Each structure stands twice: as structure tokens, then as C-alpha cells.
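The structure appears below as C-alpha cells.
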Amino acid sequence: MEEAKVIETKDGTVSVASAFAGHQQAVQDRDHKFLSKAVEEAYTGVDCGHGGPFGAVVVRNDEVVVSCHNMVLKNTDPTAHAEVTAIREACKKLQQIELSDCEIYASCEPCPMCFGAIHLSRIKRLVYGAKAEAAIAIGFDNFIADALRGTSKHQKAHLEIKRADGNGAIIAEQVFEKTKEKFQMY
């Protein structure tokens, strides 16, 4: 049997090619199927007036767990992006906070918040369709792509960020020490 080969694509991503002849095509077909569902969700969200043209699907064992779209306008919630909404709904449905046996398909490259949610939920695989520049082209903030790629030169958040001084910082740090026996991660 032929050994797997590492392949680097034009965009810098790395994949491992299987020794099985049809494996890559099967993976591509599967990805297309679930990504198409995420794109359908993006259209649905816009048609319903729920939010921007973004969709996400969480998959486990080749089955759709949840299929969601951007709900920012409907929920009056700037964090209700498709990926975050899908993760919240998948966690509720599966009654767990770790989705390490799941994959997420997103119609567009995730913003830093969504990428953070994907990372924190321990999702094992992310497949996205459009690059962030497609969203930027219709008016979404370019800080999304800049933040993901570290290319921001001029745009700064209009937000002051400061660590608390004195006792505020101390009591906030103490909560971790005082609760470590009561709260265990995973």
C-alpha cells in the first residue's frame, strides 16, 4: 500500500492525501454537500430578515446536528453569528459543551469571535466556503480578515481596553483560586 503524502495547496493549507484512489473525491463530495447546506442557511437568513448572509452547519458522524443562519437582527444580538448560533444549538441538542466529535461547515470564513467559539467548543474540523473578502466587498468590516491574518495596519477598535487597578484585579483573580476545587474543566 502506498503511503500518504502531504500536499500544500496554493493558499498555504496543508492536507494529507490518502493512498485510496477515491478518498479525496469522497471527502470533497461530502464537504460540498454540507457546505451547500450552510449556503442554503445563509440565503434563508437573509430572506427571513434575520441577519447577514451567513450560514453554518454542525455535523457529527455524517449527520447534520443543527443547521443555522445569522440571527443578529432577529435577536438584536451582535454575537448571534451563524457559527456561534450553530454551536449554541448543537451544545443544547447534544447536551454537552465539548463538540470534539463534530465538524462545522460555514458559508464564509469565520470572524475572530466565531473562530474563538469553534476553538473553545473543541470542534475537530472547520470547512468554510467564501473568504472574508467576499463579505468585505458588500460592506462587512474588513477588520475580520485583518484580524485573522494579522494584516491590520490602520483600523483600530474604537474601544478602550484596560486592566483593573488594585483590589478589582485581585478579587477577580481570586475567583479562580477559590473555585478550582468546585469547578473542573472537562
Side-chain angles (χ1 to χ4, degrees), residues 1-72 74-75 77 79-135 140 144-145 148-149 184-186:
M1 179 183 288
E2 183 181 329
E3 286 191 31
K5 296 176 184 165
V6 175
I7 299 172
E8 186 168 344
T9 62
K10 289 180 187 176
D11 66 357
T13 59
V14 176
S15 66
V16 177
S18 171
F20 301 103
H23 181 73
Q24 274 189 311
Q25 187 62 48
V27 170
Q28 187 176 357
D29 291 347
R30 181 180 174 281
D31 287 350
H32 179 75
K33 172 183 154 184
F34 293 124
L35 188 57
S36 293
K37 180 75 173 154
V39 170
E40 287 174 27
E41 278 292 337
Y43 282 114
T44 299
V46 171
D47 291 344
C48 294
H50 290 174
F54 304 95
V57 176
V58 174
V59 174
R60 182 170 75 167
N61 299 327
D62 286 336
E63 297 290 327
V64 172
V65 176
V66 295
S67 182
C68 299
H69 54 261
N70 184 290
M71 301 287 282
V72 168
K74 182 177 189 317
N75 294 353
D77 177 358
T79 70
H81 291 195
E83 299 91 333
V84 171
T85 301
I87 290 167
R88 288 174 181 159
E89 294 301 316
C91 287
K92 284 180 195 173
K93 185 173 183 177
L94 298 173
Q95 297 182 345
Q96 60 191 45
I97 61 169
E98 186 178 303
L99 301 174
S100 60
D101 58 349
C102 295
E103 302 166 277
I104 191 164
Y105 291 82
S107 62
C108 187
E109 184 175 13
C111 74
M113 176 186 68
C114 292
F115 183 79
I118 291 165
H119 174 74
L120 290 173
S121 67
R122 308 288 195 262
I123 287 176
K124 68 180 178 181
R125 186 167 181 257
L126 160 67
V127 177
Y128 69 88
K131 287 190 159 221
E133 285 80 7
F140 285 89
I144 294 171
L148 288 169
R149 296 188 183 95
Q184 297 293 314
M185 288 293 293
Y186 311 106

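Just so you know, these numbers come straight off a predicted model, no measurement behind them.
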Taking all non-hydrogen atoms of both residues into account, name the closest pair between [X] and [Y] and its distance.
X: Cys102; Y: Arg60; result: SG-CB, 3.8 Å
X: Ser107; Y: Pro53; result: OG-O, 4.0 Å
X: Tyr128; Y: Leu35; result: C-CD1, 4.1 Å
X: Gln96; Y: Glu98; result: NE2-O, 2.8 Å
X: Cys108; Y: Ala132; result: SG-CA, 4.2 Å
X: Ala106; Y: Leu126; result: CB-CD1, 4.4 Å

Apply the test side-chain contact (heavy atoms from CB on, under 4.5 Å) to residues Tyr105 and Arg125: give CA-CA distance (whole Å), side-chain angles for both, the deciding distance (0.1 Å), then the verdict. CA-CA 8 Å; Tyr105 291 82; Arg125 186 167 181 257; 3.2 Å; yes
Name all residues meeting the side-chain hydrogen bond (donor to acceptor under 3.5 Å, both in side chains) criterion together with [X]; count only those two or more places apart in sequence or in a different chain, and write none if there are none.
X: Thr79; result: Asp77, Arg88
X: Asp29; result: Gln25
X: Asp62; result: Arg30

I'd like to know if the side chain of Asn70 reaches the main chain of Val72, judged simply by a donor and an acceptor atom lying under 3.5 Å from each other, with no hydrogens or angles considered. yes
What is the distance from atom [atom1] of [X] to atom [atom2] of [Y], rounded to the nearest 0.5 Å?
X: Glu41; Y: His50; atom1: CD; atom2: NE2; result: 10.5 Å
X: Leu94; Y: Asp101; atom1: CG; atom2: CG; result: 7.0 Å
X: Ile123; Y: Phe115; atom1: CD1; atom2: CZ; result: 11.0 Å
X: Asp31; Y: Glu103; atom1: CG; atom2: CD; result: 7.0 Å
X: Glu83; Y: Cys68; atom1: CD; atom2: SG; result: 10.5 Å
X: Leu99; Y: Ile104; atom1: CG; atom2: CD1; result: 8.5 Å

Test side-chain contact (heavy atoms from CB on, under 4.5 Å) on Cys48 and Lys74; report intermediate values, then the result. CA-CA 9 Å; Cys48 294; Lys74 182 177 189 317; over 6 Å; no
Can you classify the ring geometry of Phe140 versus Phe54 as parallel (below 30°), tilted (30 to 60°) or perpendicular (above 60°)? perpendicular
